[in-house]
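From a predicted model like this one, the values you see are computed outputs, not experimental measurements. Per chain, numbering begins at 1; letters A, B, ... match sequence-line order.
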Number of protein chains: 2
Amino acid sequence: MSDVLGALRRAVGNGAVLTGADAAPWSQDWTGAYHWTPLCVVRPASTAEVSAVMKVAFDARMPVVPVSGNTGLAGGTFAEGAIMLSLDRMNRVREIRPEARIAVVEAGVILANLHEAALAKGLVFPLTFGARGSSMVGGFLSTNAGGSNVLRYGNTRDLVLGIEVVMADGQVMNLMSELHKDNSGLNLKHLMVGAEGTLGVITQAVLKLVPRPAATATAMVAVASLDDALSLLNALQMATGGAVEAFEYMPQAYLEVYARHNPQSRPPFDTEHAHCIMVEIAATAPRDATPGPYGEVPLVGYLEEVLGDMLESGRVLDAVVAQNEAQRAEIWERREAAGSLLVSRNPMVNNDIAVPLDKVSVFLDRMNLRLAVLDPQAELMLVSHLGDGNVHYTVWPGNPDPVHCDAIMEAVEEEALALGGSFSAEHGIGVTKRPSMARRKDKVAVSAMKAIKAALDPRGILNPGKVFPD
Amino acid sequence: MSDVLGALRRAVGNGAVLTGADAAPWSQDWTGAYHWTPLCVVRPASTAEVSAVMKVAFDARMPVVPVSGNTGLAGGTFAEGAIMLSLDRMNRVREIRPEARIAVVEAGVILANLHEAALAKGLVFPLTFGARGSSMVGGFLSTNAGGSNVLRYGNTRDLVLGIEVVMADGQVMNLMSELHKDNSGLNLKHLMVGAEGTLGVITQAVLKLVPRPAATATAMVAVASLDDALSLLNALQMATGGAVEAFEYMPQAYLEVYARHNPQSRPPFDTEHAHCIMVEIAATAPRDATPGPYGEVPLVGYLEEVLGDMLESGRVLDAVVAQNEAQRAEIWERREAAGSLLVSRNPMVNNDIAVPLDKVSVFLDRMNLRLAVLDPQAELMLVSHLGDGNVHYTVWPGNPDPVHCDAIMEAVEEEALALGGSFSAEHGIGVTKRPSMARRKDKVAVSAMKAIKAALDPRGILNPGKVFPD
């Protein structure tokens, strides 16, 4: 071990190899559900140093766990006895090229910093979620993160043009393309994105940017049912030609948890409603964004018209359109707190499922009935990216027994898969969902994944014990 | 061999195994540049039969070349002595689900038939290109085909939600998801799409559909330069909020070739212009599509306004907006003939490169100069999906000598890569671009691709001699 530490120190410098108390900040993840003691934390400052670290690990057959913002929700950075390879010092936004609408970034760039750098050039990197102040490029690429704007802009994978990857043996793979069309062989980019650090270490990326909206309209809406929520989504997409950026479901139970943790906050409506939706639409075209003679923004008009029609027909029960940036921020804050609320209490049964959009309501009806039987004391921390069928069906169980918790997880999976869903929509597999991979994923697919893992990481040193079931 | 044929006949029935003259239609591809004699052509009617065929081939260690529409442009179906596995009998559109906006199709469905089936339900499958009357699902997925609507809707890969794949050993991998978010392990879907049949045989797919535009505006535009063309594209995207569906460049030389092959056709303008653009914008929102009191469609107004401004400033030299469906078809026909014009003459040096959008003009300037020196007799068959930086720089050489042809190809690649481009944008590698893979692709990436190939097709029977360089 001291040999390995010595070799790592020679590779990246003494100050960049942390052990003992210095490594403590890296000894658990954001959820607080996993704790470990790494052999050391190595903080390379360049691709060449990452490569040198991987060569040391490869020669010594030592496990390496890549980590960037450490905000994952599936235990993907659990690193007992491993070398933790932190990308946090590789934090440069190397280029923002407005004419090409791209950003070239290192893996340690914090998402919020990328947002700011893009905005300074009049552009937007549209990926966003609650942990954006900590989450880094390497992590959100390696987990193919989702979030609240997937409906319009896709997952992380849809926003990546090129990547640079350090392979298990330290070789550097250069796929740093800026192109929108590139059919030169197997698509290794999309294989590395979402591989959770099990096939290589992403060190740089070329990311797509989009024009900054010239107008935005945001509202909290209370609907009579989830079916009415879908009618609202369809009506808005129709009226705006697909301008819905976020369509987030928050049931009353979620709003109660939020209010409990944020006693200074105001409730969205004077009366309680079982089903609340946060909706945001945005537009770049002058015809939608240019204020009229009385300062009225056409885009806001489209939203108000749809809401007005649906209020009249009783499918919308109440609605508040944000009148300024502060009101908009208040609406977003309520939704984006979900991540920190989630990790505020342990144990939790953390479920991140997806079903086809029109099956969300069936899923919830069935699962809520089932949970009431399985665990009458359970508290539900439910929030959903309804616009893409992704439901975070998190349960704080009445009983912390792991077997009981697993039974809840199994039930959730079962109901999701019965509706053509997935047991992991956007959080990935990590450690948490390995049992689900074993029991739910197509067996031929699992074999193919393992064959690829063995081919690209023959010594099994890259983030071992994650993703692939035994 | 007779053992293999016997086993194949038992697997799919006597009538579905063709040899000799019966197999002749499968003994060359669309380009006419490749000819071969397959051992036989097998035409399974179901996934189970495809599986049975693969098991026979796996046991016998016989090469299998999957083929569907056979309209590829890179020799990807070259099959000397191989079992050709034709998907053409698996031609059912199994489901169109308007509420979920998906199509579930077998691999042998012809693209034009899918277009029709979707349209019948008020939806559009947005992938389109000249060979749409022959090209089939299996082929356009396996090559990750591009075409004329990539600018708005992405490549084939962006339009696929799920696939079913028969692996080298005959096992069936079920990835038939309908979900927009699914992070359950390595992304095998995106690996199989674009793998040109080297990793498995795609037998079914779940494809995304989009709403049918409520209004379309199409024009031929003559611009003063390619820089002016990009200004036009940006102005249109700005004015319409990103509604440009197609932005296709046709230089005068292309229009001359087209006129020669279509003597009955009318030229786009009364006078000749060096740079012509076909542009189409489309919209679904009522505010853009609903005709006004005089029958004027707002969307057409946006186009005319942008063109008017640029005519005034001299950057647009002339423009004709289609007034009806017949005029629109005439404009599209002129562009979509490119494929058949391309294969009308052999030999050709078929180049399908991409460069960043703002580098197309530099690329053409440099390459045209270089070609004039390399081959003063060469004729250029140039057409470009300018909106995504993809240039089909096809050369009919003055001298058919393969070494000379390869020198032209190398020069084209060199100029493209010097600008951060790719040597293969949308046609794939097949046989034609294997030398380019060997000399241009990142070496670490090529090693990783070969390792994956060996892992998933350990006997090397799937479309051997394609994609991967020696």
Side-chain angles (χ1 to χ4, degrees), chain A residues 99-100 143-144 146 150 155 158 167 171-175 177-188 190-191 194-195 238-242 283-286 288 354 356-358 388-390 420-429 437 441-442 444-445 448-449 451-452 454-456 467, chain B residues 99-100 143-144 146 150 155 158 167 171-175 177-188 190-191 194-195 238-242 283-286 288 354 356-358 388-390 420-429 437 441-442 444-445 448-449 451-452 454-456 467:
Chain A
E99 71 288 353
T143 54
N144 183 33
V150 170
N155 296 288
D158 301 304
M167 307 298 282
Q171 289 198 79
V172 179
M173 180 163 74
N174 180 358
L175 303 172
S177 168
E178 298 177 9
L179 303 170
H180 290 263
K181 278 183 175 175
D182 187 358
N183 276 350
S184 52
L186 304 182
N187 197 316
L188 300 174
H190 284 328
L191 186 67
M238 183 63 203
T240 61
T284 55
D288 298 324
L357 201 47
D358 52 346
D388 49 50
N390 178 194
S422 168
F423 57 88
S424 182
E426 61 175 14
H427 295 168
I429 304 303
M437 274 292 274
K441 190 74 188 175
D442 181 82
V444 181
M449 289 180 198
I452 291 168
L456 299 187
V467 180
Chain B
E99 70 290 352
T143 55
N144 182 32
V150 171
N155 296 287
D158 300 304
M167 307 299 282
Q171 290 197 80
V172 179
M173 181 164 72
N174 180 357
L175 303 172
S177 167
E178 298 177 9
L179 304 170
H180 290 263
K181 278 185 175 174
D182 188 357
N183 277 350
S184 53
L186 303 182
N187 197 316
L188 300 174
H190 283 328
L191 186 67
M238 183 64 204
T240 62
T284 54
D288 298 323
L357 202 46
D358 52 346
D388 49 49
N390 178 195
S422 168
F423 57 90
S424 183
E426 62 175 13
H427 294 169
I429 304 301
M437 274 292 273
K441 191 74 188 174
D442 180 81
V444 181
M449 289 179 199
I452 291 168
L456 299 188
V467 181

Answer with side chain, backbone, both or neither: which region of [X] has an atom nearer than 4.5 Å to a non-hydrogen atom of chain B?
X        : value
A/Met238 : both
A/Glu99  : side chain
A/Leu175 : side chain
A/Ala239 : backbone
A/Asn155 : side chain
A/Ser184 : both
A/Met173 : both

Decide whether A/Asn183 and B/Asn144 meet the rule of one side-chain donor and one side-chain acceptor closer than 3.5 Å.
-> yes
Atom [atom1] of [X] and atom [atom2] of [Y]: how far apart are they, to the nearest 0.5 Å?
X        : Y        : atom1 : atom2 : answer
A/His427 : B/Lys181 : NE2   : NZ    : 8.0 Å
A/Met449 : B/Asn187 : CE    : CG    : 8.5 Å
A/Asp182 : B/Asp388 : CG    : CG    : 12.0 Å
B/Leu188 : A/His190 : CG    : NE2   : 13.5 Å

Residue pair B/Gly185 / A/Met437: nearest heavy atoms and the distance that separates them =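 Smallest heavy-atom distance, with atoms named: CA-CE, 4.0 Å.
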Taking every non-hydrogen atom, the tightest pair across B/Ala451 and A/Leu456 | CB-CD2, 4.1 Å
Residue part contacting chain A, namely of B/Ala354, when any heavy atom lies under 4.5 Å = both
Any donor-acceptor pair under 3.5 Å linking the side chain of A/Asp158 with the backbone of B/Asp158?
-> no
